[in-house]
K.L.:
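Below you will find the structure I want to go over with you.
Starting from 1, each residue takes its place in the sequence as its number. Counting convention: from 1, in listed order, for ligands and their atoms alike.
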Amino acid sequence: MKTTISHIKADIGSLPGHSSVYGPVVEAVENYVKDHSKGILSDYRISHVGDDIQITMIHTLGIDNSEVHGIAWEAFKAGTALAKKVGLYGAGQDLLKDAFSGNIKGMGPGVAEMEITPRKSEPFIVYMMDKTEPGAFNFPIYKMFADPFNTPGLVIDPNMHEGFIFEVWDIMKAKRLFLSTPENVYDLLAMIGSKSKYVIKRVYTKPTHEKLPDENVAVISTDKLSFIAGEYVGKDDPAGIVRLQSGLPAAGESLEAFSYPFLVSGWMRGSFNGPLMPVGMKDAKMTRFDGPPRVVALGFVLKDGLLAGPVDMFDDPAFDGARKTAVNIVDYMRRMGPFEPHRLPDEDMEYTTLPKVLEKLQDNFEEIDQPKKKEKLKVATRDMD
Ligand code: F6R
Ligand code: MG
Ligand code: MG
């Protein structure tokens, strides 16, 4: 029977700034799901990274199901009530609408879901990132499913040898296209290197895959929160689900894609580039300069609608090297202060507060090749008390 994995996440308040969820609020979300999931969900798990609470749900109702989305929405509402009561910072910030309209997409929370034909063992990892954007998944998903130097299974395992199909979204124009690898690998790279514009949404096996033909095997949440809200209300920290093993990337091949802390955007004020640090749950809080951006990996198996797990996959000394490299990169980049490329270019900050600062200076500009109008260079002034 077809089964659906729905992962829905939201920032409904944190402390002391945007660094960490608050235990009792996570419990309030969990209690709501526990009390309202009967007859809808066969299993669920609640987790968190940084200021985002994450709900992983298993059911047979397919993607975009209003009952399933409704549970997540109302659970976040229940958590928000407590978050407001205790004065959490940004309480309810990702719940952008007052009333639930049947589909949580476009209402603030991030959604990654896929309908699958479960195998006799169905292993998968849920990756959850904070202080970054959906395009942060482009690099590791490419590595997992298209780079044999990361995933030797692409060369060694006959079931992977034919490659995969990538669904790429142009998130500015709301269009998508499908690219088949390895044939279109250069076209794929030409696009997904522009990670704030082109975002990998899903990966599929090819119809000829011997063990799992024509199946969705990876999905990323891509909801562009900043565009929904019209102005910056927090980066849409993404989550992704990756199925594993038996003709798909092994768990270790999937995790290996995070062994090098590549640069992502969305750090401090959603406006800085920094390294993505793989961490275990004990380090899933954002501290230094509100970061650095982090990724947590929770491993599960699914059988008859029930989950076993999670295993905290990055809680492993073998990732200490990656963490150390990330900290070195942080030390190096932080010394650039507000300068690019540590700070994002203007166009990527369109929805932040920077344009408001620049707007104030507009009246002070004059033509360069005209005689100087003012004796003194006119500067922005402010009234003295
Ligand atoms: C980044 C993030 C934080 C905040 C920063 C300022 O994604 O969430 O770095 O942008 O703490 O927050 P405000 O403007 O709420 O004071
Ligand atoms: Mg936040
Ligand atoms: Mg967040």
K.L.:
Salt-bridge test for Glu167 and Lys201: reply yes if a basic N is under 4.0 Å from a carboxylate O, no otherwise.
P.N.:
no

K.L.:
So is there a nitrogen or oxygen of Trp267 less than 3.5 Å from a nitrogen or oxygen in ligand 1?
P.N.:
no

K.L.:
List the residues meeting ring pair (Phe, Tyr, Trp, His ring centres under 6.0 Å) with Tyr89, not counting sequence neighbours, and say none if there are none.
P.N.:
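Tyr89: ring pair (Phe, Tyr, Trp, His ring centres under 6.0 Å) contacts with His18.
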
K.L.:
Relative to the Mg ion (ligand 3), which of the N, O or S atoms in Asp130 is the closest?
P.N.:
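Per the distance ranking, Asp130 contributes OD1 as its closest N/O/S atom to the Mg ion (ligand 3).
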
K.L.:
With atoms numbered from 1 as shown, which atoms in ligand 1 lie under 4.0 angstrom from a non-hydrogen atom of Gly266?
P.N.:
1 (C), 7 (O)

K.L.:
Using heavy atoms and a 4.0 Å limit, tell me yes or no: is Gly17 in contact with ligand 1?
P.N.:
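In this structure, Gly17 fails to qualify as a contact of ligand 1 - no heavy atom is under 4.0 Å.
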
K.L.:
Ring of Phe300, cation from Arg45 - is the NZ or CZ under 6.0 Å from the centre and inside 45° of the axis?
P.N.:
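So Arg45 doesn't make the cation-pi contact.
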
K.L.:
What are the two closest non-hydrogen atoms of Val279 and Phe314, and how far apart are they?
P.N.:
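It is O-CB, 3.4 Å.
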
K.L.:
Between Asp187 and Val185, is there a side-chain heavy-atom distance shorter than 4.5 Å?
P.N.:
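Val185 vs Asp187: side chains apart.
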
K.L.:
Can you tell me the angle formed at the Mg ion (ligand 2) by OD2 of Asp11 and OD2 of Asp51, to 10°?
P.N.:
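My answer is 90°, to the nearest 10°.
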
K.L.:
Answer yes or no: is there an ion pair linking Arg243 with Glu215, defined by an N-O contact shorter than 4.0 Å?
P.N.:
yes

K.L.:
Check for me whether Phe289 has a heavy atom closer than 4.0 Å to any atom of ligand 1.
P.N.:
no

K.L.:
State the atoms of ligand 1, each with its element, that fall below the 4.0 Å cut-off from a heavy-atom position in Gly270.
P.N.:
1 (C), 7 (O)

K.L.:
I need the contact type for Arg269 against ligand 1. Using non-hydrogen atoms and a strict under-4.0 Å cut-off, is it side chain, backbone, both or neither?
P.N.:
both

K.L.:
Suppose you place the vertex at the Mg ion (ligand 3); what is the angle out to Asp52 OD2 and Asp237 OD2, to 10°?
P.N.:
90°

K.L.:
Test your reading of the model: is there a side-chain donor-acceptor pair from Asp51 to the backbone of Val21, 3.5 Å cut-off?
P.N.:
no

K.L.:
Going by atom types alone, do Glu133 and Ser265 pair a side-chain donor with an acceptor below 3.5 Å?
P.N.:
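There is such a pair between these side chains.
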
K.L.:
Within a distance under 4.0 Å of any heavy atom of Met268, pick out the atoms of ligand 1 and give their elements.
P.N.:
9 (O)

K.L.:
Please check whether Asp51 reaches ligand 1 - meaning an N/O of the residue sits under 3.5 Å from an N/O of the ligand, judged on distance alone.
P.N.:
no

